[in-house]
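Heavy atoms only: backbone and side chains are in, while hydrogens, waters and symmetry mates are out. Here the structure is a predicted model, which means the values were calculated and not measured. Numbering starts at 1 and runs along the sequence shown.
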Amino acid sequence: MEVQQLLSVATKVGKGDMMQQLSVVLIPSASQPPSDALSLLLAPFSQSSMLTQARDAYAGTLSVLMRACSGLKAGRNAASPLLARIAFQDDLVHRLWEVASTKAPLVSSTPLQPSSVSSTNAHSEMASACEAVVVFCDVFSHTLLTLQDSQFLEYYANDETTKSSSSRIVASELVLTLKYILSDLYWDRPVLATDISAHASVQKSCPETEVRFQRARLLLSGTKLWNALYERWCRLFRSGQFCSEESWWFPRLASRGQHDNNPIIHSQTTTVGQDENEDDMDESSIASVAMDEEEDVARAASSATANDAGSDALASSFRDPKMARVLTCIPQALNFDRRVHLFQSLLESDKARTQDEAAAFQQMMMNEEGGFSARERVTIRRDALYTDSLNSLNPLGKRLRKKVQVTFVNKHGMEEAGIDGGGVQKEFFDELIKDAFLPREVKEEEEGDVAIEQHPDFFVETPLQTLQVNAALDGSNDLLRNYEFLGRVLAKAMYEGILVDPQFCLPFLNKLLGKQNSLDDLCNLDPEYYRNLKSLRYMNANEIRELGLTFETTSQGSKIVELISGGSTTNVTKENVIQYIHLVSHQRMNVSGSRQTAAFLRGFRDVIPAPWVRLFSAYEFQKLISGDDAVKGIDVRGMMSVMRYSGGFHPSQPIIHWLWEVVDEMDPTQQRKFLKFMTSCSRQPLLGFASLVPAPCIQQTRLREDNTGNDISEESSFGNIRLPTSSTCMNLLKLPKYTSKEMLREKLIYAIESAAGFELS
């Protein structure tokens with residue numbers, strides 16, 4: 001009988017029934033008086049003091065129970081009956097937040113080193129506060145698993161027009177609360193690896209050890225919830241933000257500091273396929289005597305966001321272990337520009353190896369058979385751009401990281417005059433990516449009657465006019481070879497800092513970042529399809545039955561796909577419609593075109609390791625690829641501010657004023673053509689024109705030339721009036737000294753519209 005009673009109690013505890021019932025008694029909401037039973041129990045004592053102790057005891061008990069069923073990834077805890085029981089009791093979740101938000105300030109305000117009895121008591125309070133916040137983080141992470149974006153905005157967004165009146169959790173306040181807690185745990189007073197393992201020897205009589213262990217738990221649980229909120233914020237970036245972008249930045253990391261100076265340990269930045277374990281860290285790189293422990297805990301926390309061993313390699317690339325932990329676990333704590341600088345530092349460190357011509361020449365001298373291998377030379381026919389590029393570059397694989405020297409052959413079979421100092425390469429990748437990625441209809445609209453080499457449309461347009469892989473194509477090995485090539489080409493453009501045109505759909509970018517798409521991501525692929533699919537959830541049984549749906553769907557190639565075994569004969573009903581919705585979404589987002597996407601990823605990661613791009617969200621990743629699309633044309637004033645002048649030009653001269661007036665009066669398309677004419681890239685640098693290397697320059701040239709191209713005196717009225725020319729590898733515009741604004745406009749627009757490659761000059 002006693003055994004049965006114990007089993008009954010254990011079942012009630014394990015399933016959450018008892019904890020849910022106790023919560024009503026022990027932690028009533030602030031707006032409700034204590035229950036009659038609790039009031040009677042507390043009558044002889046101070047109600048406020050005893051109620052606080054009751055809440056602490058409840059949170060502590062729940063924290064102990066949840067140690068076994070809460071982990072780094074909320075999705076792995078979906079089968080926990082305790083979490084399921086608690087996480088979907090709205091009133092209980094709100095009451096847990098009331099307790100957690102009240103105690104949160106204690107987490108970062110209490111000293112870690114005890115110096116007196118009073119501080120020992122403070123440590124006990126801090127441990128209790130950590131437990132309360134941990135419990136809420138684990139429970140609310142579980143709550144978010146089934147919450148659609150529209151429901152999240154309705155319940156928790158800080159917007160009076162959408163926020164439910166009964167909601168007491170405001171997402172923006174929650175983000176800020178977690179930010180200050182995590183800033184303390186990651187940066188100000190970082191958790192160490194020994195803190196995570198402290199539970200093995202924890203003693204209640206040692207408050208300091210208990211605090212260390214609870215702070216370590218809070219690091220993991222807080223990271224899990226903060227990243228879940230950030231993932232949702234990124235998905236809602238263009239449709240319904242619930243907090244500002246600045247809300248995610250750690251106070252001490254909001255602006256550039258000493259951590260941005262020489263942040264990479266060059267010897268630890270490994271190339272793909274190369275394993276290096278040497279450690280050349282010098283004394284200046286040691287930010288803490290517990291550096292190794294910080295790296296260990298970085299690995300533990302980063303497993304909440306990364307799914308391969310590459311995160312360890314990324315963490316070991318940075319000199320500062322605290323910065324390494326932040327970047328591998330919660331990169332959103334740094335603003336976008338700082339992460340771009342660090343990403344570029346990784347690239348430059350890698351280029352120091354892969355494009356070191358001096359080392360390659362030395363290798364050649366020591367081993368004649370090795371050849372001069374610091375750059376790859378390719379010859380590309382303009383009228384066979386894709387085929388020649390595929391045959392020349394794809395066999396290089398990982399060697400595509402080297403410098404690529406391109407020679408173009410025009411339609412007459414003659415090599416073009418341009419010498420590739422970097423500008424030809426930029427034009428080559430810009431043109432190749434347009435040809436390979438844009439669907440044929442889009443290219444014909446943009447290029448008119450220009451002949452386009454025939455090849456399949458590897459990508460197709462979505463209703464949002466973004467690109468996704470063409471799942472209608474067969475998944476043959478020959479086709480997948482093309483997708484691997486496209487992955488390498490896009491990565492090579494990013495590796496060389498070349499911004500390109502294609503705008504990809506966010507679900508495809510999620511896959512490049514190693515993330516799985518959910519139902520709400522479908523909104524960023526096909527909004528109408530998403531709305532129609534989601535509407536099934538709100539139909540009654542008769543409405544669903546009248547639709548005559550079964551567990552099958554149609555793929556891009558009009559092929560019928562069963563969602564479950566026997567799906568063609570399994571009807572969709574009110575009882576199973578939720579399962580149907582998620583299976584259709586999963587098929588559309590993650591299964592359809594998965595072989596093409598996997599091939600693309602293999603090629604991409606030959607050039608840029610996966611962990612490097614995980615510093616960014618999907619929409620930030622798109623900015624890395626094509627720049628800030630919010631800027632139409634170019635930032636003329638920004639370009640003016642960094643422009644240099646030579647050959648006799650000065651910014652005060654009338655011709656320079658005319659030039660900037662003409663550029664400012666151009667439409668966005670012409671402005672981008674002007675930029676491409678000068679730099680070989682039609683999109684302005686991601687970090688602004690100040691980041692262009694070398695700095696852009698306008699050089700004066702003679703106005704007239706004779707029929708052999710020789711200069712004629714400016715006083716002469718004979719000879720040909722020159723067109724503007726450029727040296728794109730130097731970002732140099734060679735501008736004749738025109739005598740009027742109208743002449744300058746005519747000649748400049750003719751030059752940039754000619755599309756004559758490198759032969760015009």
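- Put simply, the residue from Phe616, Tyr495, Phe318 that forms a ring pair (Phe, Tyr, Trp, His ring centres under 6.0 Å) with Phe343 is Phe616.
- Between Glu427 and Lys676 no salt bridge is recorded (no basic side-chain N to carboxylate O distance below 4.0 Å).
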TODO: Might you work through the salt bridge (Lys or Arg N to Asp or Glu O under 4.0 Å) test for Glu665 and Arg745, ending with a clear yes or no?
DONE: CA-CA 10 Å; Glu665 292 164 4; Arg745 184 199 309 276; 3.0 Å; yes
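- Ion pairing of Glu620 with Arg614 is absent here, as no side-chain N (NZ or NE/NH1/NH2) approaches a carboxylate O to less than 4.0 Å.
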Task: Residues Asp383, Lys411; criterion salt bridge (Lys or Arg N to Asp or Glu O under 4.0 Å); working and verdict - done: CA-CA 6 Å; Asp383 56 1; Lys411 62 182 179 181; over 6 Å; no
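- Panel note: side chain Glu461, backbone Leu438; no donor-acceptor pair is recorded below 3.5 Å.
- Side-chain atoms of Leu506 and Asp521, non-hydrogen and from C-beta on, never get closer than 4.5 Å to each other.
- The two residues Asp667 and Gln670 have their closest heavy-atom pair at OD1-N, 2.7 Å.
- Residues Ile655 and Leu735 are in side-chain contact: their nearest non-hydrogen atoms beyond the backbone lie under 4.5 Å apart.
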- [ ] Check the pair Gln241, Trp233 against side-chain contact (heavy atoms from CB on, under 4.5 Å), reporting the backbone distance first and the verdict last.
- [x] CA-CA 6 Å; Gln241 293 185 30; Trp233 182 85; 3.5 Å; yes
- [ ] Please assess Val663 against Ile634 for the test side-chain contact (heavy atoms from CB on, under 4.5 Å), listing each intermediate value before the final yes or no.
- [x] CA-CA 9 Å; Val663 173; Ile634 63 174; 4.3 Å; yes
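- Of the residues Arg382, Glu415, Met414, the one that meets the side chain to side chain contact (heavy atoms under 4.5 Å, CB included) test with Val409 is Glu415.
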- [ ] For the pair Tyr386 and His455, evaluate ring pair (Phe, Tyr, Trp, His ring centres under 6.0 Å) and give the outcome as yes or no after the intermediate values.
- [x] CA-CA 8 Å; Tyr386 182 79; His455 59 71; 4.7 Å; yes
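- The closest side-chain heavy-atom distance from Leu499 to Ser626 is not below 4.5 Å.
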- [ ] Go through the steps to decide whether Phe600 and Leu486 satisfy the test side-chain contact (heavy atoms from CB on, under 4.5 Å), and finish with yes or no.
- [x] CA-CA 6 Å; Phe600 190 96; Leu486 296 181; 3.8 Å; yes
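- When all heavy atoms of Ser518 and Met589 are compared, the closest pair comes out as O-CE, 4.2 Å.
- In this structure, Asp635 CG and Ser641 OG are separated by 7.5 Å, a value rounded to the nearest 0.5 Å.
- Scanning all heavy atoms of the two residues, the minimum distance from Leu327 to Arg339 falls at CD2-CG, 4.3 Å.
- With Tyr529 as the aromatic partner, Arg588 meets the cation-pi criteria of under 6.0 angstrom to the ring centre and within 45 degrees of the ring axis.
- In this structure, Arg488 pairs ionically with Asp606, as a charged nitrogen and a carboxylate oxygen lie closer than 4.0 Å.
- Crowding of Glu528 atom CD: a count of heavy atoms from other residues, nucleotides or ligands under 6.0 Å not exceeding 12.
- For Leu509 against Ala618, the heavy-atom pair with the smallest separation is CD1-O, 3.3 Å.
- Counting only heavy atoms from C-beta outward, the side chains of Val404 and Val378 approach each other to under 4.5 Å.
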- [ ] Evaluate side-chain hydrogen bond (donor to acceptor under 3.5 Å, both in side chains) for Glu245 paired with Asn335, printing each intermediate quantity in order.
- [x] CA-CA 8 Å; Glu245 189 170 8; Asn335 65 51; over 6 Å; no
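- With contacts defined as side-chain heavy-atom distances shorter than 4.5 Å, the pair Asp350/Leu347 does not qualify.
- Here the CG-CD1 distance, from Asn731 to Ile698, works out to 12.0 Å after rounding to the nearest 0.5 Å.
- Applying the salt bridge (Lys or Arg N to Asp or Glu O under 4.0 Å) test to pairs two or more places apart or on separate chains, those with a residue in residues 678-696 are Asp501-Arg683, Asp629-Arg683.
- For the residue pair Ser247 / Ser244, a side-chain donor-acceptor distance below 3.5 Å is found, with atom types taken as modelled.
- The distance from the NZ atom of Lys492 to the CD atom of Gln425 is 5.5 Å, given to the nearest 0.5 Å.
- For Asn510 and Asn517, the side-chain atoms include at least one donor-acceptor pair closer than 3.5 Å.
- Smallest separation of non-hydrogen atoms from Val642 and Phe689: CG2-CB, 3.6 Å.
- Residues Ile380 and Ser389 meet the side-chain proximity criterion, which asks for heavy atoms closer than 4.5 Å.
- Under the 4.0 Å criterion applied to side-chain N and carboxylate O atoms, Glu376 and Arg399 are assigned as salt-bridge partners.
- Asp664 places no side-chain N or O within 3.5 Å of a backbone atom of Trp660 that could act as its donor or acceptor partner.
- Using a 4.0 Å cut-off between charged nitrogen and carboxylate oxygen, Lys741 and Glu661 count as a salt-bridge pair.
- Atom CE of Met730 is surrounded by 12 or fewer heavy atoms from other residues, nucleotides or ligands within 6.0 Å.
- Contact annotation: the side chain of Met678 never approaches that of Thr728 to less than 4.5 Å [non-hydrogen atoms, C-beta and beyond].
- The heavy-atom pair separating Val607 from Ala491 by the smallest distance is CB-CB, 3.6 Å.
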Open item on the list: Show, in sequence, the C-alpha distance, side-chain angles and deciding distance for Glu231 and Lys515, and conclude whether the salt bridge (Lys or Arg N to Asp or Glu O under 4.0 Å) test is met.
Closed with: CA-CA 10 Å; Glu231 184 176 338; Lys515 297 178 180 178; 5.7 Å; no
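- Between Tyr619 and the options Phe336, Phe237, Tyr230, Phe504, a ring pair (Phe, Tyr, Trp, His ring centres under 6.0 Å) holds for only Phe237.
- Between Phe458 and Phe437, the ring centre distance reaches or exceeds 6.0 Å.
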Open item on the list: Set out, in order, the CA-CA distance, both residues' side-chain angles and the distance that settles side-chain contact (heavy atoms from CB on, under 4.5 Å) for Cys681 and Leu675, then state yes or no.
Closed with: CA-CA 7 Å; Cys681 185; Leu675 182 61; 5.8 Å; no
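- Using modelled atom types, one finds a donor on one side chain and an acceptor on the other under 3.5 Å when comparing Asp520 with Tyr530.
- Gln700 and Ser646 are not linked by any side-chain donor-acceptor pair at a separation below 3.5 angstrom, with hydrogens and angles left out of the test.
- Distance check, rounded to the nearest 0.5 Å: NZ of Lys398 to OG1 of Thr354 gives 13.5 Å.
- Between Leu687 and His341, the closest side-chain pair of non-hydrogen atoms falls below 4.5 Å.
- A donor-acceptor pair is defined here as one N or O able to donate and one able to accept, closer than 3.5 Å; no such pair exists between the side chain of Glu496 and the backbone of Ala493.
- A donor-acceptor pair is defined here as one N or O able to donate and one able to accept, closer than 3.5 Å; such a pair exists between the side chain of Ser691 and the backbone of Gly688.
- Note that the NZ atom of Lys747 and the OH atom of Tyr738 stand 6.5 Å from one another [nearest 0.5 Å].
- To the nearest 0.5 Å, atom CD1 of residue Ile625 and atom CE of residue Met494 are 5.5 Å apart.
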